[in-house]
Amino acid sequence: MTLPVEAVLPELVQRLGEGRNVVLEAPPGAGKTTRVPLALLAETWLRGRSILMLEPRRLAARGAAARLAALLGEPLGQTVGFRIRFESRIGRQTRIEVVTEGILTRRLQQDPTLEGVGLVIFDEFHERHLHSDLALALCLDAQSGLRDDLRLLVMSATLYGALVAQLIDAEVVRSEGRQYPVTLHHTPRDPEGRPEAVVAAGVVRALGEQRGDILAFLPGGAEIRRAHDHLLQHPACAGVALHMLYGDLPFEVQQRAIEPDAEGRRKVVLATPIAETSLTIEGITTVVDGGWQRAPRFDPRTGLSHLETLRVSRASAEQRAGRAGRLQAGVAYRLWGENTQRGLRPFNEPEIGVADLAPLALELTAWGVSDPGQLRWLDPPPAAPLAQARELLLGLGALDEGGRITAVGREMAELPLHPRLAHMLLEGRRLGLAATACDIAALVAERDLFRGSERARPFGDRLEALTAFRQQGREGARRLGADPHACGQVERAARQWRSLLRLERHRSSEVDEEEMGLLLALAYPDRIARLREGGDERYLLSSGRGARLLPHSPLRGRPLLVAVDLDGQGEEATIRLAAPLSPALIRERLGGQLVVRERVAWDGREQAVVARREECFGALVLASKPLPQVDAAQVQQAMLTGIAALGVAALPWEAGEAQQLRARVASLRAWLPEQGWPDWSDAALQASLAEWLAPFLPGISRREQLARLDLTSILLAQLDYPQQRRLEELAPTHLAVPSGARHRLEYRLEGVPVLAVKLQELFGLAETPRVAAGRVAVLLHLLSPARRPVQVTQDLANFWATTYKEVCKELKGRYPKHPWPDDPWSARPTAATMRRLRQEGR
DNA sequence: CTCTCCCT
């Protein structure tokens with residue numbers, strides 16, 4: 001059988017032969033995974049060295065290797081082999097080695113020159129996993145340094161080639177795919193509809209309009225279960241075999257969903273994106289796509305991840321629809337309109353942009369790179385999550401203060417698990433708890449034993465179920481409500497780590513809850529939760545954030561927990577998985593890791609500077625007492641931090657005088673920019689607290705004591721004497737008016753100052769009063785005798801000439817005791833009544 | 001309104 005990719009093989013071979021990197025852009029079905037490595041095997045430039053081909057999934061790696069070997073008519077482990085976690089088939093003569101992503105990173109770390117390798121092929125690069133992005137960056141680094149004869153071939157779905165080609169300085173070779181046509185039906189959905197209802201309706205419609213089996217895409221397991229329950233009741237599903245398919249279902253159930261129905265019934269499979277690439281389901285001719293996908297997002301501010309339900313990307317939707325056209329022409333119902341289609345993102349967001357970067361940060365440090373800018377990336381690791389990751393690694397002792405890897409860090413990097421868990425394994429070994437640490441790490445890292453169960457269970461139940469599985473097999477696990485398949489996977493991971501730590505065999509012992517908490521605290525020193533007073537399920541995390549146990553958790557009321565799984569979404573984090581923690585045991589077993597520190601710091605809850613001597617484990621404060629003597633400079637520094645956190649608005653501006661001073665200076669700054677008046681905006685004052693406010697802080701350590709500050713004098717002290725003189729002259733606090741009185745000017749942060757004055761006081765005055773050496777006319781608020789505003793103007797002469805007459809007419813009757821002369825120009829300006837004027841003899 | 005998929 002000839003495959004479309006064969007047409008471009010000569011060009012591909014030639015380009016690589018010229019010593020170039022190459023990007024092969026080909027849609028699914030082109031045959032790139034099977035044909036390309038074999039076509040290159042005999043190339044002389046390889047000089048007998050091997051080809052490494054990277055696959056994004058274990059299933060795919062094993063499958064690709066098997067097909068390649070079959071094409072050569074050999075068993076696996078001869079010319080073609082594979083290496084994935086837990087399994088490898090590699091022989092002496094192996095020239096094509098198919099590996100999964102983590103394996104390649106590991107190999108590069110052990111041998112940066114990739115000795116004996118002539119070509120690295122990245123298959124399905126468009127999936128943009130964290131590991132494949134990292135592996136490409138490391139390969140490029142190796143190529144540019146030690147191995148200029150190493151070649152790279154990146155294979156990717158359509159429309160992605162140019163970007164990668166630019167990064168790796170490569171030629172793009174394009175191939176056609178093989179795919180039966182799929183007819184697309186875009187059907188706008190009820191925007192309020194829940195995913196399960198929308199997709200169930202789509203399935204019912206497809207059942208009526210099409211023949212053949214149906215594959216429907218939903219965002220997650222919960223929606224799949226609800227859609228399943230709903231469709232079971234529906235008459236359209238009578239006689240139809242209804243299946244669910246998602247990663248956490250037991251293997252047998254997944255298998256049944258993939259196979260043709262034993263009784264030959266028509267099949268409907270409700271699936272997560274697991275069916276998008278990893279699994280091929282027999283007999284599908286119709287796809288129903290709800291158009292969602294769920295993705296984790298790491299929030300560097302909290303250090304936590306949460307799941308988000310997003311619209312599918314165009315690439316994913318394409319892939320999903322394609323599932324209907326593997327056997328024959330098919331149909332895809334897309335439950336969104338053409339407009340929505342145009343707004344879809346072209347590709348899934350690269351994992352490097354949204355993931356926890358702690359593992360990547362450790363890999364980079366182990367590679368000897370402190371700044372990711374030293375490597376070439378399609379998308380560099382974003383700064384904030386990377387900084388957060390480095391901070392975590394520093395806390396775990398993997399990095400030193402200078403950001404270099406420590407001996408412990410190197411040991412951690414060599415263990416195939418998350419740095420948090422690697423730290424727990426190594427520290428657990430020192431405590432003589434290595435085997436238990438392996439179990440706990442596996443329970444954290446592998447599939448949830450109790451997924452889908454109603455009750456929120458504490459961590460201890462997992463360890464108990466694992467022990468039961470070891471002693472009594474699958475039945476033992478089932479009796480405790482655990483999934484035996486998942487137990488097997490956990491045991492397999494734990495066994496791998498035990499062997500890496502050179503532990504002989506697992507000694508099963510009693511599960512000690514407190515030791516478990518202790519070990520978990522070694523992995524999550526920053527996720528310790530203390531029970532809030534007056535309740536039994538609300539906790540305070542060491543970060544200061546609130547957290548809440550899942551309803552009905554058996555851990556309710558425990559004073560101290562280690563939160564293993566925290567969902568960071570929303571106001572309060574949700575503690576999904578936790579173990580109780582005993583401070584006494586920490587002190588007893590981890591005494592060496594306790595840090596005693598004297599802390600003088602602003603406390604947001606106390607609204608004051610607190611000075612305490614604290615005994616800490618990670619972020620957990622085990623003991624705390626007040627410091628007998630405190631350095632005044634430290635208090636001042638902490639107070640400044642506190643004021644910065646509260647904002648300058650928290651200072652006592654209420655009196656008004658200080659605000660007026662700020663407004664006067666701000667006005668002069670705006671009117672007379674050449675004079676260099678200081679910037680006293682909130683932002684500027686906030687930024688320079690240390691300069692202008694610090695000298696006045698001695699004796700102040702609480703928020704309420706800020707009321708003592710005389711902000712007017714403090715700000716005035718910022719001006720030198722000539723400036724103070726000029727301020728009085730150019731922006732006076734008061735203005736004299738013709739009546740002889742002095743009235744207060746009201747300055748504003750922007751605009752002209754306001755002079756509020758009874759209009760009788762201004763008789764005879766033609767010129768509007770001015771400030772700033774005559775540059776700015778004040779805004780007059782002309783008042784009635786009852787001090788009600790009659791007119792607002794910046795043009796007094798015009799007021800006398802026009803509006804004054806009407807004002808007179810209107811107000812004369814109401815205020816007969818006050819003067820309302822026909823000619824305001826010649827009348828005597830006064831604040832007094834007629835009677836007083838007469839008494840004064842006029 | 002129960003946590004997607006994948007990997008050392």
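Below, chain A is the first sequence line, B the second, and so on; all start at residue 1. In this text the structure is predicted, and so the values were computed from the model without any measurement.
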Of the nucleotides [options], which has the atom closest to the [X] side chain?
X: R226(A); options: dT4(B), dC7(B), dC1(B); result: dC1(B)
X: R106(A); options: dT4(B), dC1(B), dT8(B); result: dT8(B)
X: Y246(A); options: dC1(B), dT8(B), dC5(B); result: dC5(B)
X: R447(A); options: dT4(B), dT2(B), dC6(B); result: dC6(B)
X: R58(A); options: dC7(B), dC1(B), dT2(B); result: dC7(B)
X: A222(A); options: dT2(B), dC5(B), dC7(B); result: dT2(B)
X: R57(A); options: dT8(B), dT4(B), dC6(B); result: dC6(B)
X: I274(A); options: dT8(B), dT2(B), dC6(B); result: dC6(B)

Value in whole Å for how far the [atom2] atom of [N] lies from [atom1] of [X]:
X: H129(A); N: dC5(B); atom1: NE2; atom2: C1'; value: 7 Å
X: L245(A); N: dC5(B); atom1: CG; atom2: C1'; value: 12 Å
X: N348(A); N: dC5(B); atom1: CG; atom2: P; value: 14 Å
X: I224(A); N: dC5(B); atom1: CD1; atom2: C1'; value: 12 Å
X: F122(A); N: dC6(B); atom1: CZ; atom2: P; value: 21 Å
X: F82(A); N: dC7(B); atom1: CZ; atom2: P; value: 13 Å
X: F217(A); N: dT4(B); atom1: CZ; atom2: P; value: 16 Å
X: R128(A); N: dC7(B); atom1: CZ; atom2: P; value: 18 Å

**Report entry** Phosphate-side-chain proximity, T272(A) and dT4(B), N/O vs OP1/OP2 below 4.0 Å
**Finding:** no

Query - dT8(B) OP1/OP2 closer than 4.0 Å to side-chain N/O of T100(A) - result: yes

Can [X] and [Y] be counted as an ion pair, charged N to O under 4.0 angstrom?
X: E537(A); Y: R558(A); value: no
X: E491(A); Y: R498(A); value: yes
X: R128(A); Y: D379(A); value: yes

Hey, does [X] reach any base, or is it just sugar-phosphate, or nothing, if we go heavy atoms under 4.0 Å?
X: L130(A); result: nothing
X: T105(A); result: nothing
X: P359(A); result: nothing
X: I103(A); result: sugar-phosphate

**Report entry** Cation-pi, F82(A) ring and R89(A) (6.0 angstrom, 45 degrees)
**Finding:** no

**Report entry** Nearest-nucleotide comparison on DNA chain B, the residue closer to the 5′ end among E196(A) and R294(A)
**Finding:** E196(A)

Report summary line: Of all heavy-atom pairs linking L386(A) and P372(A), the shortest is CD2-CG, 3.5 Å

**Report entry** Separation between OG of S316(A) and CG of D289(A), rounded to the nearest 0.5 Å
**Finding:** 9.0 Å

